[in-house]
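Read through the structure below, which is laid out as structure tokens, and then see the notes.
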Amino acid sequence: MTVRTRFAPSPTGYLHIGGVRTALFNWLFARKHGGQFILRIDDTDQQRNVEAALEPILAGFRWLGLDWDEGPGVDGPHAPYYQSQRSDRHQAAAKQLLEAGFAYRDYATTDEVQAERTAAEKEKRDFVYSRRWMAETDEQAAAYEGEGRQFVVRLKMPREGKCEFRDLIRGDVSFVWAKEQDHVIQRGDGSCLYHLASVVDDADFEITHVIRAEEHLSNTPRQIFIARCLGCKLPEYAHLPYVAEPGGTAKISKRKLDKYLKNRDFKSLCDHGNAIAAAIGHETTADTFNPVIVDFYREVGYLPAAILNYLVLLGWSLDDKTEEFTRDEMIRHFSLERVNKSPASFDPQKLSAFQLRHMQQLPIKQKVALVVPFLQKAGLIASPPPCDTAPLLTKIVEAAGDRLKTAGDILEFDEFFVADEAMTYDDKAFDKRVRADGAATLLSSFRDILADTEPFDRATCEAALRLFIELHDIKIGDIIHALRVAVTGKGVGLGMFEALEILGKDRCLARIGRCLERAESEAT
RNA sequence: GGCCCCAUCGUCUAGCGGUCUAGGACUCCGGCCUUUCACGCCGGCAACACGGGUUCGAGUCCCGUUGGGGUCACCA
């Protein structure tokens, strides 16, 4: 039997980080067993613009390289893969359950059921619907309809015994049937609800393993009931621990952003992203752009491999030491047996650590390619880039080394792309370094040295500076900081001599000149 | 509140009865490297929630307590 797993997003307009983790485990399990991974769109809730709300989700999957074998854009033997297009199947199932007596027409109003619920609450007993407005015969139904009532279809849940099943992650789980509610499976307007639709589609799609988040664990008995009554083969169930919020134990949620922002690490992850987004003119409402949404990482220039590597370790591990996995290694090693039972908190710092490691392993050429779109969006290079851009970029990216933690970090080195007159100064650094005692004089003298430095490469420049400090009997720190501010406008950056070489003599001299003028003019 | 699930360093985790004076990773704290910032290197702090059993022996099995969480819709 081929393994078939599925991930069933509802088109909400964004891809949640916890959702990706669930999808990843489904994908890995299918790939590991040579099976199929199916994307099913749970859009029974009927919204206007399904395609628009779905696109960001599909884009996220494509970016991460989580390919689906059947689903939107990939037709398969069980199409369609949108639940809204399968309502005839769901309705047929509801009818079947009704006819077999596993479900009933219920003529209660919402208020009446609510009243029962409130009463039970008041008396401190468990609520179970009385079935008072249940119609099992057409006569009863006609009588209720005579009163002008409308019906919904409810499951007629067993009221004795237990529902026991084996969860691939949690082991044996057991629920008392009598505590399960007679859930509505079909609305008054005939449309069907999630639980019914999900079970029917899983069966139709021949899903063998339902791997989903723990929040569905308590839904499982009613789904098992539906499946059994429909005569469907039960899938295996595996309920994953959910991804917990940064620094907490509750399930991570897009809605609690304000709370997470109080977490220092989460905040700095956000700030970093926002800075890059601002530089490339990407719109950033907290609702559409934050670390709980996968899109955030793409926009900021994270590597899909790093995200996946971090995520796979959130609730799963191979052994006591292996942390780095390529996609293929993940597939080779993944198993549900090694999935943890307890929730794993989302840790921005650990994610960053993985991002750094993966960046370090990326060949320079690929880094350059990643960086180009950011520079283009920021208006720092033309698009398409002029043909002499590649060598320059390569030099910068090489010199930046590990300072480039995400592709978007290239924007911290904008000074290499702007005109000498357009370069901005970090005022604090300028005050501290250029206005330091004697700094301007030294800078001026060293400018003359640089003017005669040939060839203008890092080694020669360094030699020149070493000689200069020896002659003036100063320490390197007495001049190099001022030089850095003069040439780059900033207090921190690449290695000084790499920076000089990249800019070239003319630009360095021009920038030092401009810097000295600024120091002078403002001094008076 | 009912039902269900969970419980090892701050975080992610290893551990499936003796090899655990509990290992790794991230963070943090020292130090080194150093022209800044990163990176890198070396070192350090830091955990079996508690109480009962079972057993020659328990982080590992059982029960209870406590704590945390999930879920209780004509949402998915």
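For clarity, every value in this text was computed on a predicted model and none was experimentally measured. In the text below, chain A, chain B and the rest are named by the order of the sequence lines, each starting its count at 1.
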- Query: Of A:Arg89, A:Arg86, A:Arg40, which is the lone residue that meets salt bridge (Lys or Arg N to Asp or Glu O under 4.0 Å) with A:Asp202?
  - Reply: A:Arg40
- Does A:Pro9 or A:Arg170 map to a spot on RNA chain B nearer the 5' end, using the closest nucleotide for each? A:Arg170
- Which part of the nucleic acid, if any, lies within reach of A:Arg40 when heavy atoms closer than 4.0 Å are counted: base, sugar-phosphate only, or nothing? nothing
- If you look at every strand shown and take non-hydrogen atoms under 4.0 Å, does A:Arg357 touch a base, only sugar-phosphate, or nothing? sugar-phosphate
- Task: Among the candidates B:C6, B:G2, B:A14, find the nucleotide nearest to the side-chain atoms of A:Lys341.
- Result: B:C6
- Classify the nucleic acid contact of A:Arg117 as base, sugar-phosphate or nothing, counting any heavy atom under 4.0 Å across all strands shown. sugar-phosphate
- Query: Counting any heavy atom closer than 4.0 Å, what does A:Asp189 reach on the DNA or RNA strands: base, sugar-phosphate only, or nothing?
  - Reply: nothing
- Query: Counting side-chain heavy atoms from CB outward, which of B:G69, B:C3, B:U11 is closest to A:Asp347?
  - Reply: B:U11
- Does any donor atom in the side chain of A:Tyr107 or A:Glu145 lie under 3.5 Å from an acceptor atom in the other side chain? yes
- Query: Base, sugar-phosphate, or nothing for A:Gln186, non-hydrogen atoms under 4.0 angstrom?
  - Reply: nothing
- Testing B:U35, B:C28, B:A76 for proximity to the side chain of A:Asp42, the answer is B:A76
- Message: If we count only N and O atoms by modelled type, under 3.5 Å, do the side chains of A:Arg187 and A:Thr44 hold a donor and an acceptor together?
- Response: no
- Item | A:Ser198 and A:Gln223 side chains, donor-acceptor separation under 3.5 Å | no
- Is A:Tyr194 touching bases, backbone alone, or none of the nucleic acid, heavy atoms closer than 4.0 Å? base
- Query: Should A:Thr44 be listed as having a side-chain N or O under 4.0 Å from OP1 or OP2 of B:A76?
  - Reply: yes
- Quick one: on RNA chain B, does A:Leu356 or A:Asp319 contact a more 5' nucleotide (nearest heavy atom)? A:Asp319
- Query: What nucleotide, of B:A76, B:U36, B:U11, holds the atom closest to the side chain of A:His216?
  - Reply: B:A76
